[in-house]
Amino acid sequence: MNTKKLLLGDEAFALGAIEAGLSGAYAYPGTPSTEILEFVQSNPIARERGIHSHWSSNEKTAMEEALGMSYCGKRAIVSMKHVGLNVAADPFVNAAMTGANGGLLVVAADDPSMHSSQNEQDSRFYANFAIMPVLEPSNQQEAYDMAAYGFELSEKLRIPVLVRFVTRLSHSRSTVVTKEEPAAENALRYPENPRQWVLMPGNSKVRYRQLLKDRVEMEALAAASPFNSLVEGSDRRLGVIASGIGYNYVQETFGGKCPFSLLKISQYPVPRDLVKTLAESCEAIFVVEEGQPMIEDSLRGLLDCGPKIYGKRDSILPTDGELTPDTVAAAFVRLAPDSGAKLPDTPAAASNVVARPPALCQGCGHRDVYGALNAALAEFESPKVFGDIGCYTLGFLSPFNALDTTVDMGASITMAKGAADAGQHPAVAIIGDSTFTHSGMTGLLDAVNEDSPITVIISDNLTTGMTGGQDSQGTGKIEDICLGLGVKPERLHTIDAHPRKAGELKALFESELAFKGLSVIVARRECIQTARRHAKK
């Protein structure tokens, strides 16, 4: 007997993977993907089975670890936010060349509207570039179902499969019908042709030709996929192509009774035959897709000489930010006012609500670091502080206004070094403990090798605070790592980031800013949120 559960999209996928015989889950925390691994870690079945579920140092290592488990025939998932796929791009793209053995699903959770991200990049382009299938659930039930289906697809094609989530799917709840009995895990087994996993040119050339041939089968499987469907409508003025969560918004606009022919795409490559069938039966095509206009551009091509295509390129839908039921309904009203599309009743925004931008928690050690740093830098005419990704990025905002750059994970140290190479003084890098072990260590090694005149502040709150307090890989090891990379012991300092140490913190910053070489300051104080949880326990 099946059971019903109320689950986030992230949780639905994680449960689906567990019940489909998952053996390993790998990830680096990043909104909106974090809850996938957290669910695996807390799930009773996963605990009973001993399913591996530990936070990795970064997305690249997570991808490689999952690939190693797949090599041994076991089913694995690796999850990350969209910009994390940039970090994992090297093994991700090459995994299409090695192929998979046990089913391997790579979850990239995109963040349209940049709720907590640097950009709005669309992960589907990565899969197209790598020649890899994509699954894009339109609701929580599909997120659950696609885990088992994705493992089977991966093992059938012998290739990893990208699963694309978006914020609204990851972080909204819906009822999901689940299986009664979880499937058994795969037995240990090894690739039929292990030589293809050695990406030397002789092997890679053979594998690449096979990958190009396999793309034909990928398209055939997409055309026959249970997650893709073409339903004919009575109104021939428009044919609608809707992917992922955009399909839900179309259905909501018409109460589940779209008058136009509707092609739902949730498995890629784009099924060309279904698109052609739709195009032959309508006067124009309207593409509804979350993120960048990938499907739309593939239809338009360079010459754009087929049927009229509406979408984001002509601003029928907004070109940035998230899709919403309102924007989709408004587009239908504009294209076909008599189609029955109705704008939702949206309450007017309250006029007496003041915007509340995010801020560092009261009692956060990052506050004391910025206060002392600003005071120490006040005597300089043009100091530059290179920031990084984490809670402390909020130091850019008032009242601290302390950061000049924030680009990507680990960029603070390397950008400070580059600025110092250009003659900038002082050049300060501020980075958190989790970000330091994610991708700051290699930059610090560059600075060590040239004794770059920069001051590196590692603001250590003993956790990955921005995403909810997950374990930090560097806890208890930061100083040893710095010394192992070659930082001179006399230039490595550790201090408590606490208001009572404000004077000492300022004096330490002043002394190291005056030093014409590399110095590292570890300013440590436990995250106030995790400290409260620990105290409560």
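Everything quoted here is computed from the prediction, not taken from an experiment. Hydrogens, waters and symmetry mates are skipped; everything else that's a heavy atom, side chains included, is used.
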J.: For F13 and F165, run ring pair (Phe, Tyr, Trp, His ring centres under 6.0 Å): C-alpha distance rounded to whole Å, both residues' side-chain angles, the deciding distance at 0.1 Å, then the answer.
T.: CA-CA 10 Å; F13 175 81; F165 277 63; 5.8 Å; yes

J.: Taking atom CZ of R195 as the centre, report whether more than 12 heavy atoms of other residues, nucleotides or ligands fall under 6.0 Å from it.
T.: no

J.: Indicate yes or no: at least one non-hydrogen side-chain atom of L221 is less than 4.5 angstrom from one of L157.
T.: yes

J.: Taking E289 first and then K312, would you say they form a salt bridge - that is, a charged N and a carboxylate O separated by under 4.0 Å?
T.: no

J.: Ignoring hydrogens and angles, state whether a donor on the side chain of Q251 or Y247 is under 3.5 Å from an acceptor on the partner side chain.
T.: yes

J.: Find out whether Y126 and N86 are in side-chain contact, i.e. whether some heavy atom of one side chain is under 4.5 Å from a heavy atom of the other.
T.: yes

J.: Just checking, is any N or O donor in the side chain of N119 or Q121 under 3.5 Å from an acceptor N or O on the other one?
T.: yes

J.: Without swapping roles, check the side chain of S434 against the backbone of T464 for a donor-acceptor pair under 3.5 Å.
T.: no

J.: To check you understand the geometry: which heavy-atom pair defines the closest contact between P271 and I265, and what is its length?
T.: CD-CD1, 4.0 Å

J.: Please determine, by modelled atom types, if T467 and T31 share a side-chain donor-acceptor pair under 3.5 angstrom.
T.: no

J.: Atom CG in L211, atom OG in S204: separation rounded to 0.5 Å?
T.: 11.0 Å

J.: Any side-chain heavy atom of Q196 within less than 4.5 Å of one from P191?
T.: no

J.: Do the side chains of P133 and L162 get nearer than 4.5 Å, heavy atoms only?
T.: no

J.: How long is the gap from NE2 on H438 to OG1 on T442, to the nearest 0.5 Å?
T.: 10.5 Å

J.: Indicate yes or no for a side-chain donor-acceptor contact from S23 to the backbone of E185 under 3.5 Å, with no hydrogens or angles considered.
T.: no

J.: If you take the centroid of each ring, where Trp contributes its six-membered ring, are W197 and Y71 closer together than 6.0 Å?
T.: yes

J.: Please answer whether the main-chain N or O of V40 pairs with a side-chain N or O of R47 as donor and acceptor at a distance below 3.5 Å.
T.: no

J.: For the residue pair Y149 / Q267, report whether a side-chain donor-acceptor contact shorter than 3.5 Å exists.
T.: yes

J.: Test your reading of the model: is there a side-chain donor-acceptor pair from S113 to the backbone of H115, 3.5 Å cut-off?
T.: no

J.: Between S79 and Y28, does the side chain to side chain donor-acceptor pair (under 3.5 Å) criterion hold? Intermediate values first, please.
T.: CA-CA 7 Å; S79 53; Y28 182 82; over 6 Å; no

J.: Could you tell me whether F129 atom CZ has more than 12 heavy atoms of other residues or ligands within 6.0 Å of it?
T.: no

J.: Could you check whether K417 pairs with D446 (Lys NZ or Arg NE/NH1/NH2 to Asp/Glu carboxylate O, under 4.0 Å)?
T.: no

J.: Decide if the gap between the ring center of Y26 and the ring center of H52 is smaller than 6.0 angstrom.
T.: yes

J.: Using a strict cut-off of less than 4.0 Å between a Lys/Arg side-chain nitrogen and an Asp/Glu carboxylate oxygen, indicate whether E290 and R168 qualify as a salt bridge.
T.: no

J.: Once you round to the nearest 0.5 Å, how far does CG of L483 lie from NZ of K477?
T.: 15.0 Å

J.: If you look at every heavy atom in I458 and C482, which pair is closest and at what distance?
T.: CD1-SG, 3.9 Å

J.: Is the closest side-chain donor-acceptor distance between T167 and D111 under 3.5 Å?
T.: yes

J.: Just how far is it from atom CG of N186 to atom CG of L22, taken to the nearest 0.5 Å?
T.: 10.5 Å

J.: Is there a donor-acceptor contact under 3.5 Å from the side chain of T327 to the main chain of L323?
T.: no

J.: Give the intermediate values and the outcome of side chain to side chain donor-acceptor pair (under 3.5 Å) for residues E219 and Y268.
T.: CA-CA 7 Å; E219 286 193 19; Y268 302 77; over 6 Å; no

J.: Could you check E11 against R173 for salt bridge (charged side-chain N to carboxylate O under 4.0 Å, His left out), going step by step and ending with a plain yes or no?
T.: CA-CA 9 Å; E11 295 170 340; R173 294 185 184 275; 3.2 Å; yes

J.: Step by step, would you call E180 with T3 a side chain to side chain contact (heavy atoms under 4.5 Å, CB included)?
T.: CA-CA 7 Å; E180 184 178 6; T3 58; over 6 Å; no

J.: Just do the side chain to side chain contact (heavy atoms under 4.5 Å, CB included) check on R215 and M132 with the steps written out, would you?
T.: CA-CA 8 Å; R215 185 178 176 90; M132 193 179 291; over 6 Å; no

J.: Could you tell me whether the side chain of T463 and the main chain of Q470 form a donor-acceptor pair under 3.5 Å?
T.: yes

J.: Looking only at the side chains, is there a donor atom on one of E526 and H534 sitting less than 3.5 Å from an acceptor on the other?
T.: yes

J.: What I'd like to find out is whether the side chain of F286 reaches to under 4.5 Å of the side chain of I241, using heavy atoms alone.
T.: no

J.: Just checking, any donor-acceptor pair under 3.5 angstrom between side chains of S70 and N101?
T.: no

J.: Contact between I245 and S138 at the side-chain level, heavy atoms closer than 4.5 Å - yes or no?
T.: no

J.: In Å and rounded to the nearest 0.5 Å, what is the CG to CG distance from L278 to L274?
T.: 9.0 Å

J.: Distance only, no hydrogens: is a donor on one side chain within 3.5 Å (strictly under) of an acceptor on the other, for S56 and E59?
T.: no

J.: Is there a donor-acceptor contact under 3.5 Å from the side chain of R124 to the main chain of V134?
T.: no

J.: Locate the shortest heavy-atom distance separating S439 from M409; write the atom from each residue and the value.
T.: OG-O, 2.8 Å

J.: Any salt bridge linking D90 with K60? Criterion: basic side-chain nitrogen under 4.0 Å from a carboxylate oxygen.
T.: no

J.: Could you tell me the separation between the CD atom of Q529 and the CZ atom of R532, rounded to the nearest 0.5 Å?
T.: 5.0 Å

J.: Among R164, Q292, H82, which residue meets the side chain to side chain donor-acceptor pair (under 3.5 Å) test with D110?
T.: R164

J.: Quick check on side chain to side chain donor-acceptor pair (under 3.5 Å): which of D433, T437, N461 does S472 satisfy it with?
T.: D433

J.: Check whether any side-chain heavy atom of I18 lies under 4.5 Å from a side-chain heavy atom of F39, and answer yes or no.
T.: yes

J.: Within the structure provided, determine whether L104 and L67 are in side-chain contact (heavy-atom separation under 4.5 Å).
T.: yes

J.: Please give me the minimum heavy-atom distance between A27 and L37, naming the atom from each residue.
T.: CB-CD2, 3.9 Å

J.: Please evaluate residues E252 and N248 with respect to the criterion side chain to side chain donor-acceptor pair (under 3.5 Å), reporting the C-alpha separation (whole Å), side-chain torsions for both, the decisive distance (0.1 Å), and the verdict.
T.: CA-CA 6 Å; E252 185 171 338; N248 268 2; over 6 Å; no

J.: Regarding E142 and K264, does a basic nitrogen lie under 4.0 Å from an acidic carboxylate oxygen?
T.: yes

J.: Say whether Q141 and S174, considering side chains only, have a donor N or O and an acceptor N or O under 3.5 Å apart.
T.: no

J.: Compare every heavy atom of S154 with every heavy atom of A100, then report the nearest pair and how far apart it is.
T.: CB-OG, 3.9 Å

J.: Please check if the side chain of K81 supplies one atom and the backbone of S116 the other of a donor-acceptor pair under 3.5 Å.
T.: yes

J.: Restricting to non-hydrogen atoms, name the atom on E120 and the atom on G321 that form the minimum distance, rounded to 0.1 Å.
T.: OE2-N, 3.0 Å

J.: Say whether, by atom type as modelled, one donor and one acceptor occur between the side chain of S42 and the main chain of E38 under 3.5 angstrom.
T.: yes

J.: Are any of the side-chain nitrogens in E296 or R300 under 4.0 Å away from the carboxylate oxygens of its partner?
T.: yes

J.: Strictly distance-based, threshold 3.5 Å: is any side-chain N or O of D388 a donor or acceptor partner for the main-chain N or O of I430?
T.: no

